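Beneath this line is the structure, given in structure tokens, with notes to follow.
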Amino acid sequence: MTETFYEVMRRQGITRRSFIKFCSLTAASLGLGPSYVGRIANAMETKPRTPVIWLHGLECTCCSESFIRSAHPLAKDVVLSMLSLDYDDTLMAAAGHQAEAIIAEIKAKYKGNYILAVEGNPPLNEDGMFCIHGGRPFVEVLKETAADAKAVIAWGACASWGCVQAAKPNPTRATPIDKVISGKPIVKVPGCPPIAEVMTAVVTYMLTFDRIPELDRQGRPKMFYGQRIHDKCYRRPHFDAGQFVEAWDDEAARKGYCLYKMGCKGPTTYNACSTTRWNDGVSFPIQSGHGCIGCSEDGFWDKGSFYDRLTGINQFGIEANADKVGATAAGVVGAAVAAHAAVSALKRGRLEQSDGDNK
Amino acid sequence: MLSAQDMQEAAAHGRSVKAIYVYEAPVRLWHWVNALAITILAITGYFIGSPLPSMPGEASQHFAMGYIRFAHFAAGYVLLVGFLGRIYWAFVGNQHARQLFKLPIFNPRWWREVLFELRWYLFLEPDPKKYVGHNPLAQLSMFFMVTLTMVFMICTGFALYGEGAQDGSWAHTVFTSWVIPLFGQSQDVHTWHHLGMWVMVLFVMLHVYAAVREDIMSRQSMVSTMLSGWRLFKDDKP
Ligand code: HEM
Ligand code: HEM
Ligand code: SF4
């Protein structure tokens, strides 16, 4: 029989005390009540572990880099021990044919029972030749592996939305994975990269509860993507007060005022950075003095400068934003109205004159 | 008092009619409340997009952005409630109350009159026509730049509002839940909402100019009609 999570953890030298601590921290980070601690512990003690296959398409590996830095106590050991045994081409020991054999083996042995985690996305142009995995286009491997999976996790902005390789004009036609995989539940965990603790928590949730977390309309787990950075930003009092940084080196920047005018995308970005923070809760971009760039939002590369409050609109072939477009139109209409009024006045003047002549 | 219908019939039978009751009180009330709400929305909206310069001091001493946003949202609610009331009145009010929502696009005569009005504004027609309700060109521009734009502004505005009010709020359920996925993401909704403001600004510029100009140049009253409801005609010619 396959080992349970608990057995794997004990084998890794984790004490029962640490194990229970892990369960309660997981419950807390998932927003569950204390009564769930027991349920999580029970699930991990009794359930045979679910294998996870982790595939890499067009990506920069920042998701993996983030993931292995998870500071959530023990999560690193736990989740790595669950994953490394199976398949992750950047983390596992096996290589070459030996490695590829693992996928086939898991597919056969755990048909419909493993989780597929995808980092990066498949390019579709030139029959997918821009990303080759084990001698074949990545898109083929992806579809095949997804076919027998129980659920699919889309790691990061790449797998979820396309990210930089899909930015205009997207020469390789890099495509988010939900556009090529059908009929499987897909959990999107966007971000460039996603927060480590969010990644481990999503995996833990799926492994322990045997189901995917509640998703919003765009396929993201509500528990981590239900609020904007702006909703929980610690600089929010300065926003409400109307106190803004106006230049990177001004007094307001030193005082830590709101970065709205410097193009902060916190008000339009759904992520947990302002609550969870990064690197063991040390900081997050805004805390370090830089606005949010909106890396977990769809198409964030194509929305103009990271440093403009108003989104750039370049449809007209020139640099513009909503106010420039609108003010130009208003100027034209204003001039037309003025000219029209002048001609109208002339016409009226002449009419009155001729009226007068007729009398 | 005679209804507008009776008046028109009277006019059709060649009797001279000098004044017709066109805009009922709810329509007039809505017009001015709505105009005020839109003015507040456009000004506060502009400052939400490009905030005023910062003031020094403790954050707790100020609430500039808070007040501006509050005024925007309060005016947004007034706009919504007023618009719903106006829709209701389109059903129970007189025929002119329906002009904002129904274009007689299958009526060739109406299209000819749209063209006539265009020619009148381009100084190609020497004399204006008389209209009891809106002139057809005004009706056309009101339908696109007011009725449709307002629906758009209400949908996008309350979708943005629901983001702050969060999942579970009525605005989130009714608007945010489908508007944000429709546009892809919140930033695009902001941009379109912002462009919508400029459509309204253009309308108001043209509208106020046309109202004042027609008051002077046409053969009927305009501004006073929106105040008293009575349309006065300046001559007896048909
Ligand atoms: C934000 C500003 C304004 C907006 C959005 C607006 C919108 C409208 C709308 C939608 C109507 C049609 C009413 C209906 O059928 O229920 C209307 C009619 C009218 N408005 Fe305004 N209005 C604005 C400001 C003004 C101002 C400042 C004036 C006065 C100078 C004015 C004068 C009129 C007049 C005279 C009519 C009647 C036109 C006719 O009889 O054909 N409006 N307006
Ligand atoms: C004629 C109607 C309206 C106009 C002209 C208008 C104008 C604007 C403008 C220019 C912005 C700034 C957009 C940006 O660049 O981010 C804005 C933001 C906003 N508007 Fe409106 N708006 C209108 C109606 C509404 C309505 C009906 C609501 C609903 C309550 C609403 C809610 C909002 C919200 C929530 C924001 C974002 C505020 C923030 O990000 O802090 N608006 N509006
Ligand atoms: S810094 Fe950004 S997220 Fe924080 S309050 Fe200002 S605009 Fe919002």
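Predicted, not measured: the structure shown is a model, and the values here were computed from it. Chain A is the first sequence line, chain B the second, and so forth, proteins listed ahead of strands; every chain is numbered from 1.
The contact between B:Tyr121 and chain A is made by backbone and side chain atoms together, counting heavy-atom distances below 4.5 Å. For B:Gln166, the part lying under 4.5 angstrom from a heavy atom of chain A is the side chain only. For B:Ile68, no part lies near chain A; criterion is any non-hydrogen pair under 4.5 Å. At a 4.5 Å heavy-atom cutoff, the contact between B:Leu195 and chain A is made by backbone and side-chain atoms alike. Both the backbone and the side chain of B:Ile48 come within contact range of chain A, with heavy atoms under 4.5 Å apart. Proximity to chain A (any heavy atom under 4.5 Å) is shown, for B:Trp178, by both the backbone and the side chain. Proximity to chain B (any heavy atom under 4.5 Å) is restricted, for A:Arg236, to the side chain, taken from C-beta onward. When heavy atoms are compared at a cutoff of 4.5 Å, B:Glu58 approaches chain A solely by way of its backbone atoms N, CA, C and O. Only the side chain of A:Gln227 comes within contact range of chain B, with at least one heavy atom under 4.5 Å from a heavy atom of that chain. There is no contact between A:Val332 and chain B, counting heavy-atom distances below 4.5 Å. Both the backbone and the side chain of A:His340 come within contact range of chain B, each with at least one heavy atom under 4.5 Å from a heavy atom of that chain.
Salt bridge annotation for A:Lys347-B:Glu125: absent, with no cationic side-chain nitrogen under 4.0 angstrom from a carboxylate oxygen.
Panel note: side chain B:His62, backbone B:Pro56; a donor-acceptor pair is recorded below 3.5 Å. A donor-acceptor pair under 3.5 Å is formed between the side chain of B:Trp111 and the backbone N or O of B:Ile105. Proximity of a side-chain donor or acceptor of B:Tyr209 to a complementary backbone N or O of A:Ala341 within less than 3.5 Å is detected. Under the 3.5 Å distance criterion, the side-chain polar atoms of A:Thr311 are left unmatched by any main-chain donor or acceptor of A:Asn321. B:Asp215 contributes a side-chain N or O that, together with a main-chain N or O of B:Val223, makes up a donor-acceptor pair within less than 3.5 Å. B:Gln99 places a side-chain N or O within 3.5 Å of a backbone atom of B:His134 that can act as its donor or acceptor partner. Checking side-chain atoms of B:Arg231 against main-chain N and O of B:Gly133 turns up a donor-acceptor pair under 3.5 Å. With hydrogens and angles ignored, the 3.5 Å screen pairs a side-chain donor or acceptor of A:Lys265 with a backbone N or O of A:Gly263.
When each of A:Pro237, A:Ala330, A:Ser344 is checked for heavy-atom pairs under 4.5 Å with chain B, A:Ser344 comes out on top. Of all the listed residues (B:Ile180, B:Asp188, B:Leu160, B:Leu122), the one sharing the greatest number of non-hydrogen pairs under 4.5 Å with chain A is B:Asp188. Among the candidates B:Pro181, B:Ser54, B:Gly66, the residue making the largest number of heavy-atom pairs closer than 4.5 Å to chain A is B:Ser54. Counting heavy-atom pairs closer than 4.5 Å to chain B, the top residue among A:Val245, A:Asp323, A:Asp298 is A:Asp323. For the set A:Ala252, A:Ala329, A:Ala327, the count of heavy-atom pairs under 4.5 angstrom toward chain B peaks at A:Ala327. The candidate with the highest count of non-hydrogen atom pairs below 4.5 Å against chain A, out of B:Leu206, B:Val201, B:Ile216, B:Asp167, is B:Ile216. Chosen from B:Phe123, B:Tyr46, B:Trp192, the residue pairing most often with chain A at heavy-atom distances under 4.5 Å is B:Phe123. Listed options A:Glu246, A:His238, A:Lys261 were ranked by heavy-atom pairs under 4.5 angstrom with chain B; first place goes to A:Lys261. Between chain A and the options B:Gly184, B:Ala210, B:Ser177, B:Ser60, heavy-atom pairs under 4.5 Å are most frequent for B:Ser177. Ranked by heavy-atom pairs under 4.5 Å with chain B, the first of A:Lys222, A:Glu297, A:Glu251 is A:Glu297.
B:Tyr131 and B:Glu117 form a side-chain donor-acceptor contact under 3.5 Å, judged by distance and modelled atom types alone. Looking at A:Trp161 and B:Gln185, their side chains never bring a donor and an acceptor atom within 3.5 Å of each other. Defined by atom type and a distance below 3.5 Å, a donor-acceptor pair is missing between the side-chain atoms of B:Ser224 and B:Ser228.
Counting heavy atoms from C-beta on, the side chains of B:Arg69 and A:Phe239 come closer than 4.5 Å.
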